[in-house]
Amino acid sequence: MGARGYRSAVRARHAEDTRRSILEAAARLFAEQGYARTSVAAVAAAAGVAVNTVYTSVGNKPALVMAMSEDGAADAVAVEAERRIGECDDPREILRIVADGTGRVRRHRWETLEILLDNRNADPDVAAAADLATRAVRDRLEVVAARLVAVGGLRDGLAGRQVEQVLWFYFGFEAWRTVRGFGWSWQDSADWLAEQATRALLPAEG
């Protein structure tokens, strides 16, 4: 890599680090103060950057919350889980992968998820970001449902749309909020959700 290419790579890394710092600061303030009461200036101060840097790196406040949602939708854990599911022929193992994958993403993105769900009815910008996050998860679960139908072994009479709905019921946002609200650990939550989804979708073994 030449000097120019090296400088370009360094600038790109610095820009990404700045963007990440801004989004982390925004998520923290949105969670602590609420979306409506948090200003771009406050985000800039919390991130240790100039206000103009927030605008050039990410954008205005609606862009901040949308960027948080987009980052969650593109989470590397979710992408890897989808790849593993596409290579798996065991429906029980597929449901285990879904439980583990959604659990890891929820744990990593919990603050953002709470912001989106708690504020979606109060602000149209947050509602749009929440809708994006919901659509991303449901699209992935639709892929999982198609894979389960393809590998077979489902209960008689279950169609792809029904399978996707069951997956959303057990692995969607509210399912995770409910079990975590009980005070269950992430692992206990994943184990229980996987077990319930297995009972709903697959015939009993033996």
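One-based numbering along the sequence shown.
Ring centers of Tyr170 and Trp176: at least 6.0 Å apart, outside the cut-off.
Criterion: ILVMFWY side-chain heavy atoms under 4.5 Å apart, direct or through other members. Under it, Phe171 and Leu158 are part of a common hydrophobic cluster. Residue Ile85 is grouped with residue Leu202 when hydrophobic side chains (ILVMFWY) are merged at heavy-atom distances under 4.5 angstrom, including chains of intermediate members. In this structure, Val144 is a member of the same hydrophobic cluster as Val137, with clusters built from ILVMFWY side-chain heavy atoms closer than 4.5 Å. Phe173 and Leu95 fall within the same hydrophobic cluster, defined by Ile, Leu, Val, Met, Phe, Trp and Tyr side-chain heavy atoms under 4.5 Å apart, directly or through other members. No continuous path of ILVMFWY side-chain contacts below 4.5 Å connects Ile94 to Val105, so the two sit in separate hydrophobic clusters.
Judged purely by atom type and a 3.5 angstrom limit, Arg84 has no side-chain atom pairing as donor or acceptor with the backbone of Val79. Judged by distance alone, the side chain of Arg155 and the main-chain N or O of Arg199 form a donor-acceptor pair under 3.5 Å. The backbone N or O of Trp184 lies less than 3.5 Å from no partner atom in the side chain of Asp188, so there is not a single donor-acceptor pair.
Salt-bridge check for Arg28 with Glu24: failed, with every basic side-chain N at 4.0 Å or more from each acidic carboxylate O. Ion pairing between a basic and an acidic side chain is recognised when a charged N comes within 4.0 Å of a carboxylate O; Asp89 and Arg147 show such pairing. Checked for salt-bridge contact, Arg135 and Asp139 meet the test: a charged N lies under 4.0 Å from a carboxylate O. Between Glu164 and Arg161, at least one side-chain nitrogen of the basic residue sits less than 4.0 Å from a carboxylate oxygen of the acidic one, meeting the salt-bridge criterion. Taking a cutoff of 4.0 Å between a charged side-chain nitrogen and a carboxylate oxygen, Asp90 and Arg96 do not qualify as a salt bridge.
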Step by step, would you call Trp192 with Phe182 a ring-ring contact (aromatic ring centres under 6.0 Å, His included)? CA-CA 12 Å; Trp192 188 85; Phe182 294 151; 8.0 Å; no
Mind running salt bridge (charged side-chain N to carboxylate O under 4.0 Å, His left out) on Asp100 and Arg104 for me, showing each step along the way? CA-CA 6 Å; Asp100 290 342; Arg104 289 175 62 194; over 6 Å; no
With side chain to side chain contact (heavy atoms under 4.5 Å, CB included) as the test, would you mind laying out the steps for Val58 and Met66 before giving the verdict? CA-CA 10 Å; Val58 183; Met66 185 60 75; over 6 Å; no
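For residues 165-179, the salt bridge (charged side-chain N to carboxylate O under 4.0 Å, His left out) pairs, not counting sequence neighbours, are Glu114-Arg177, Asp118-Arg177, Glu174-Arg177. Sorted by first and then second residue, the side chain to side chain donor-acceptor pair (under 3.5 Å) pairs with a member in residues 55-74 read Arg19-Asp71; sequence neighbours excluded.
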Taking only distance into account, with no hydrogens and no angle test, what donor-acceptor pairs under 3.5 Å do side-chain atoms of residues 38-54 form with protein atoms, sequence neighbours excluded?
| from | atom 1 | to | atom 2 | distance (Å) |
| --- | --- | --- | --- | --- |
| Thr38 | OG1 | Leu29 | O | 3.4 |
| Thr38 | OG1 | Gly34 | O | 2.8 |
| Ser39 | OG | Ala42 | N | 3.0 |

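When side chains are defined from C-beta on, Trp110 counts as touching Trp186, because their heavy atoms get closer than 4.5 Å.
Considering Val163, Val98, Val143 in turn, Val163 is the only one that fulfils the side chain to side chain contact (heavy atoms under 4.5 Å, CB included) rule with Leu148.
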